[in-house]
Every structure is written in structure tokens, then in C-alpha cells.
Amino acid sequence: MDFKSSVIYQIYPKSFCDSNGDGIGDIRGIIQKLDYIQSLGVDYIWSTPFFASPLRDNGYDVEDYRKIHPLFGTMEDVEELIEKAQERGMGLMLDMVFNHTSTRHEWFQKALAGDQKYMDYYIFKDGEPGEPPTNWQSKFGGPAWEYVPYLKKWYLHLFDVSQADLNWKNPAVREELKNVIRFWKEKGVKGFRFDVVNLISKPDVFEDDPAGDGRRFYSDGPQVHEYLKELTADTGIGDMITVGEMSSTSLEHCIRYSNPAEKELTMCFNFHHLKVDYKDGNKWELAGPDYHNLKTLFETWQTQMEQQHGWNALFWCNHDQPRIVSRLGDDKKYWKESAKMLATCIHLLRGTPYIYQGEELGMANAGYQSIDEYRDVESIHYYQILMQSGKTQEEALEILRARSRDNSRTPMQWNSGKYAGFSKKQPWIGIPGNYKYINAEAQEQDTDSILHYYRKLVALRKQYRVVQDGTVEFLYQEQAEVFAYRRVWEGQELLVLNNLSGREVVLQEAVSGTGYQCLLGNYRQEEVEGLEVLRPYESVVWMKM
């Protein structure tokens, strides 16, 4: 497994391609689009969950890890997807939600029936109504505990009330989850993404958090590294590609998670760089992006990971994040330029890049005008919280337009036809009107498109070892809008310059082009002797020959 040269394409099946005309994307839709995915040059396809689920949290509330939700297809469809992806040189990565299950899972239903064995699969605490064991808050808002009157017990749910946290202290639970991994390995799955996996280890003593929502007690918990080592060793996934989604994590822990010597995971997702536009750290308060902070975060994580043998997962977008071209770019005047620039920023760094469906087309936020258009449980819940906090309806909707997870869950825009070529029926969630010009078919025909640019970026990663193995040195630290770095490896030197802003930026120190070849630029960069000014959202990639 050469994860250093790999690129991973993420699919949200519900919104990717509808093969049977019910308005919902499915596994056969992914199969239909495998040639398109292959054309990007990617090595793995990561699919978010398509397991049996009530879909209250769009599949992250798993009812059965070994069954496929009928909306998405059958086990035979998944087996065909694995086989046909492999024929095209791509492996399938599955999303394992091991911090919690749906409350409809057989284990939890037996727990509710009073079966002591299965009650110990979850985290139940004795108590009285109105007196939860701690003051911890759910990630989706509201208390993290739910009372079951006839049991006279509370159960922990760090996410939705329908997502009960598993008790990893119980060896039987850990063995059940190992068997899930073994099951899918047998099917030919080539990698795993572990959802919020740094939350699986809870403290020995549950106590109130007077200064926060409780996350400091369970994030990167006391036995999390021990559990991951055991899971990896006992399932034999140490030679497969694995990535952990790390919620509110630290650099020190992510180095441990991803250092090969620790034998835990290949790489980590962290989200610190996607909080630079949060006001006072609050996702639901809008602020402009802090570019200095963004650059500092990247520099710190890149250099420390390099020095201490950790490995980064590089990404802007996923199914939980707003579209990056709307967030840090300009989805109107400089749509094409800013989408290419943002891709350049991360694809040539040290780490494994992820492309989220539609990111390679510059897909933008949904722009919904009514709460009725939203489907995400978190967004609907926080709309009510925002209204109760005194926001006007328009203020609350403005926040959702910028922050809602539904921004990334709108249907993939395949062409300019009805329903953007996603389905023959009205989709489960509305399609932004910009699909008329932001779509795959149009960009296939335009050699200067965002899609073609992404293909070039992926090819560069595979062509030059300096991108995979080179050291990282960050440049122009004092110029907030300039995101620039140098990669060096055994005589190869790559220079990457990006303007994060929508205005011209004069470089504090001009760059000499002598001895360099221009590999890529989002303004059709011609060969030049030097560079003094970066145009709005400009990217330039030079190789010293």
C-alpha cells in the first residue's frame, strides 16, 4: 500500500447518482460512474455508510453493519462495486461508525428489554428523571443523555438521541466490531475510514464539565490508543489504508495515531483548519476567515507531522462541511480561479488528498431560502436553537446557508438537463440553480475547466516523488493572503504559490523564475522570468529543473 502517492475520492451515495429513478442515489449509480471516477486518477473510493439504518443521521446511525439499506441496493450490488472498482485499479473504502449505533440496532433493542449482557454494550447510568449523570452536551445540541423511565437509567448519546454510544470498555463489544471489519475484508474492501474514532474511550468517572460541553473528558480518551492498536492487530488491517476522523483532537495525538511505529492508523482527519471562520470558536456564529491562523495551522501540522513521522489526510470538503469554493473562495466572480487555487493549496502538501464528490467541479453551497428545504437533523435542530436565542428567521437562515451540512449533500451535478442528470425524478433534496453551468458534462468539454485542473493535480502527485516524500518549508509567513511553500526531495524542488484573496497581492519578495519550469497555473500561466504580483486567487506551481 503506497498511501503517500494515493488520492481518495469520497462519495455520499444518497446524492451521487440515482440509477433506479426514485430520487435517491444508490450503489448501482456509483457503478455507472466508475469510469468517470477512474478518469480523475484516484486510487480509492471512500463511500459514506450505506448500511441498514433509519437514516435519521443519513446512515451514521447504523442498524446493522452487515446489511445494506434497500434504498441503496443489495449486497450483490456492493460486491459488484468492489469487483468493478478493482478492475479499474481502485479500492473501496468503507465508513465504520464504531462510536455508536442506532437505537434500532438489535443490541440496543435487547438492552432496552433489560438484557444485562447488551446493556453493558452501551453506557447506561442509574438516575432520576430530570437529573442526567453529567451536564455534557450532544454534538447536535441539547443534553448528551436520554432517560429510559422503566429502566430508571440514562444512556449516553454524544450525537443524536437515536445514536447510543457503545461501551468500548467491554471486550465483547470490541470483538463484535472486529468481526464487522473481518466480514468486509472478506468481501474485498481495501480500506476503512473510522467515524469520530477518537471519542470511543470514555473516562472511568463521569463528571460535570463546568467550563464546557464535556468533550475534554472523552476526546482522545484514556484508552483510545490501546483500543486502536488492538483493533488493527486483531483484524490485520495494518497493511491497509485506514483513516480516523478525529473530533476536537490534538496534534500530539494525531502524530501517535498515524505514526507507523504505533501500528494504529495510516492517517487522520483533523478539523482545526476548518474553524478559521468561526466566531469565537462557535460554528453557528459567522466570521470572515482568519488567513494568518489558517496558514499557521497548516504549517504547524505539516512540519510537526513530518518531523515526528505522522501523516495528514488533506481535505477541504466532505459530507459534513460546506463547499469550500463558497466558504474560502468566490463562487461568483472568481469561481473557476478560486476553486483551482484551493485545490492547489492542499494537493501538493505532505499527506494524502481527498476529493469530495463535486469538489472537482467547483460545486457551491445550496443557497436555500427556507428551512423547509433543509433535510439535515443538525441543521433543523440548530435552526430552532438559533431562533430561540433571539435570531431573526433571516439571520438563522443566513447562518444555515453558510454552515449547514446540507450544502455538501445536494445532488452531484452531471449535466444541464432536468435534475442535473442525477435522477429522472425530483431528488430527495433540492439542486442549486447553478447546475446549468456547474456540471461534469460541460467541464469535460472545456480543457480549462476545474475538472481538468484536478486531473492535472492528481497526475502531478504521482509523477513527482517530491510531492509524496519531500520536506515542507512555508514561505511568506507575514503576508496573510499568500499561502506558499517549497517541497524538496533528492534534487527535486517544487514551489507552490497561492493567493487566498480576491485582490491582487504584491509579493514582499519577488520570485525569480530562472531555472524553474511552470507545471501548472490557474491563469494559464505562461513561462516567466519572475513573479512580483499574484492575481486574485492565483495559483502558480513551479518545478526547479
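Between the side chains of Ser162 and Thr103, no donor-acceptor pair is found at a separation under 3.5 Å. In this structure, a donor-acceptor pair under 3.5 Å is present between the side chains of Asp220 and Thr249. In summary, the side chains of Ser404 and Asn407 do not present any donor paired with an acceptor at a separation below 3.5 Å, with no hydrogens or angles considered. Checking Gln443 against Tyr454 by side-chain atom types alone, no donor-acceptor pair falls below 3.5 Å. No hydrogens or angles considered: nothing links the side chains of Tyr257 and Asn198 as a donor-acceptor pair under 3.5 Å. In this model, no donor atom of one side chain and acceptor atom of the other lie less than 3.5 Å apart for Tyr121 and His105.
By the 4.5 Å heavy-atom criterion applied to side chains, Ser248 and Lys139 are counted as neighbours. Within the 4.5 Å cutoff, no side-chain heavy atoms of Leu92 are placed close to those of Trp184.
A salt bridge links Asp320 with Arg409; the closest basic N to acidic carboxylate O contact falls under 4.0 Å. In this structure, Glu478 does not pair ionically with Lys295, as no charged nitrogen and carboxylate oxygen lie closer than 4.0 Å.
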Using the salt bridge (charged side-chain N to carboxylate O under 4.0 Å, His left out) rule, take Asp376 and Arg405 through it: C-alpha gap first, then chi angles, then the decisive distance, then the call.
CA-CA 7 Å; Asp376 173 37; Arg405 301 190 301 179; 2.7 Å; yes

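How far CG of Leu156 is from OG of Ser138: 9.5 Å, rounded to the nearest 0.5 Å.
Taking Lys169 as the reference, Asn167, Asp204, Gln223, Tyr227 meet the side-chain contact (heavy atoms from CB on, under 4.5 Å) condition, with sequence neighbours excluded.
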